[in-house]
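Remarks on the structure that follows.
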Amino acid sequence: KGKRAFIAGVADDNGYGWAIAKSLAAAGAEILVGTWVPALNIFESSLHRGKFDESRRLQDGSLMEITKVYPLDAVYDNPEDVPEDVKTNKRYAGASNWTVQEVAESVKKDFGTIDILVHSLANGPEVSKPLSETSRKGYLAALSASSYSYISLLKHFLPIMNQGGSAVSLTYIASERIIPGYGGGMSSAKAALESDTKVLAFEAGRKKRIRVNTISAGPLGSRAAKAIGFIDMMIDYSFTNAPLQKELCAEEVGNTAAFLASPLASAITGAVIYVDNGLNAMGVGV
Ligand code: NAD
């Protein structure tokens, strides 16, 4: 029987979430995605109008099928958490059941169980501010959207994950090395995500033999990365300085996620896996 994956954080065909969906689909998994509520309409209409058809194409020529798109805002765990101004915001009012708990309930109702959970989302409203100039509110918002969102997803999806399943998230080396420009507490958020990956691996492993890993990905010109503003420089830097002087393709990250979700990775859990052309191993730029 094929596996079923829920991928949180897909809103176009440029990011890592999309690439992971494709690699999992190519490996035979059924694909469900969670799309940020404000991006839902444009994503769904583009999907239905065929705007993504070229990038839906898999190696064997077939097109990736997304069985269902769920609206999701991973900053809210249940309806009681949603402030009035968000509830009535017109970008949210059109959708329903988009808190983490409700999405997990909907997936349970629609499909029963999943095997693979992917967290490919981050948000830091003050990312362009240096850490030392970040407000408390901005810092906590970065942690809420980028780190706690993973705990919340795992908490709510664990009960419907099959024994032996796999969860994976995306992190960035700014958690452990200084990357000027990755501010607003986003570096802290990634450090929390990596630490949490270990503790969650223990808890989910003991509970249901579920493996929990994170991929430390190199720079990609996604929508989120472009919003930070320094992505072209980081891509150039990586090309110049990494052991492998080649472009990093989103597909290479997707394939790693598919590997981690597969039985080939049956003893890998609590790990940070670098998919960055080896840049993390360099001590100085050359
Ligand atoms: P992306 O824009 O494709 O993905 C980010 C997604 O997060 C978007 O779809 C956005 O709609 C969604 N999102 C934001 N806030 C949300 C919320 N509250 N609830 C639900 N969804 C929300 O960009 P990406 O760069 O592919 O990012 C995916 C992951 O990869 C992130 O964790 C990011 O930090 C990580 N990453 C990216 C790079 C890079 O260079 N692009 C490098 C390393 C790690």
Side-chain angles (χ1 to χ4, degrees), residues 6-22 33-44 46 52 55 69-77 81-82 86 91-92 95 98-100 103 118-125 127 141-150 152-153 168-177 179 181-182 184-194 197 214-238 247-254 256-257 272-277 279-280:
F6 181 84
I7 302 153
V10 179
D12 59 41
D13 59 349
N14 292 318
Y16 282 134
W18 178 269
I20 291 170
K22 279 182 75 174
V33 306
T35 300
W36 195 31
V37 187
L40 180 73
N41 282 342
I42 172 103
F43 178 64
E44 282 206 298
S46 303
F52 300 138
S55 35
V69 178
Y70 292 88
L72 167 71
D73 194 321
V75 159
Y76 305 108
D77 300 316
D81 285 351
V82 184
V86 175
R91 297 201 297 172
Y92 282 79
W98 41 259
T99 66
V100 176
V103 174
V118 179
H119 176 282
S120 181
L121 63 97
N123 198 11
V127 66
L143 270 285
S144 173
S146 314
S147 317
Y148 187 78
S149 56
Y150 192 36
S152 179
L153 275 169
V168 66
S169 67
L170 274 299
T171 187
Y172 185 46
I173 192 150
S175 60
E176 45 176 319
R177 301 282 154 79
I179 309 281
Y182 198 75
M186 279 307 299
S187 57
S188 332
K190 292 307 192 189
L193 184 72
E194 290 174 25
T197 295
T214 187
I215 296 171
S216 186
L220 174 78
S222 65
R223 190 187 166 101
K226 283 183 180 139
I228 303 174
F230 70 159
I231 189 66
D232 292 331
M233 195 187 98
M234 298 315 288
I235 290 171
D236 289 346
Y237 181 88
S238 178
E247 189 194 343
L248 176 69
C249 301
E251 187 186 356
E252 296 175 296
V253 169
T256 304
V272 179
I273 306 284
Y274 295 92
V275 184
D276 64 349
N277 284 325
L279 187 64
N280 73 91

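Numbering of ligands and ligand atoms starts at 1, following listing order. If you read the sequence from its start, that first residue is 1, and numbering goes on from there.
Here the heavy atom of the protein found nearest to atom 9 (O) of ligand 1 is Ala11 CB, 3.4 Å. Annotation: atom 30 (O) of ligand 1 to nearest protein heavy atom, Leu170 CB, 3.3 Å. At the shortest separation from atom 24 (P) of ligand 1 among protein heavy atoms lies Ser222 OG, 3.3 Å. Given atom 5 (C) of ligand 1, the protein heavy atom at minimum distance is Ser120 O, 3.7 Å. Protein heavy atom closest to atom 1 (P) of ligand 1, with residue, atom name and distance, is Ala224 CB, 3.9 Å.
For Ser222 and Asn14, the side-chain atoms include no donor-acceptor pair closer than 3.5 Å. Counted by atom type alone, Trp18 and Asp12 present zero donor-acceptor pairs between their side chains at under 3.5 Å. A donor-acceptor contact under 3.5 angstrom links the side chains of Ser175 and Glu194, judged on distance only. In this model, a donor atom of one side chain and an acceptor atom of the other lie less than 3.5 Å apart for Thr214 and Ser169.
Heavy-atom distances between Ile231 and ligand 1 reach below 4.0 Å in at least one pair. A heavy-atom separation below 4.0 Å is found between Pro219 and ligand 1. Judged by the shortest distance from any of its heavy atoms, Ala8 lies outside the 4.0 Å radius around the atoms of ligand 1. Residue contact check for ligand 1: Lys190 places a non-hydrogen atom closer than 4.0 Å to it. The closest approach between a heavy atom of Asn14 and any atom of ligand 1 is not below 4.0 Å.
Residue contacts with ligand 1 for Ala122 involve both N, CA, C or O and side-chain atoms from C-beta outward (heavy atoms, distance under 4.0 Å). At a heavy-atom cutoff of 4.0 Å, ligand 1 is contacted by the side chain of Asn123 but not by its backbone.
For atom 37 (C) of ligand 1, the choice among Tyr172, Trp98, Tyr16, Phe43 with the nearest heavy atom turns out to be Tyr16.
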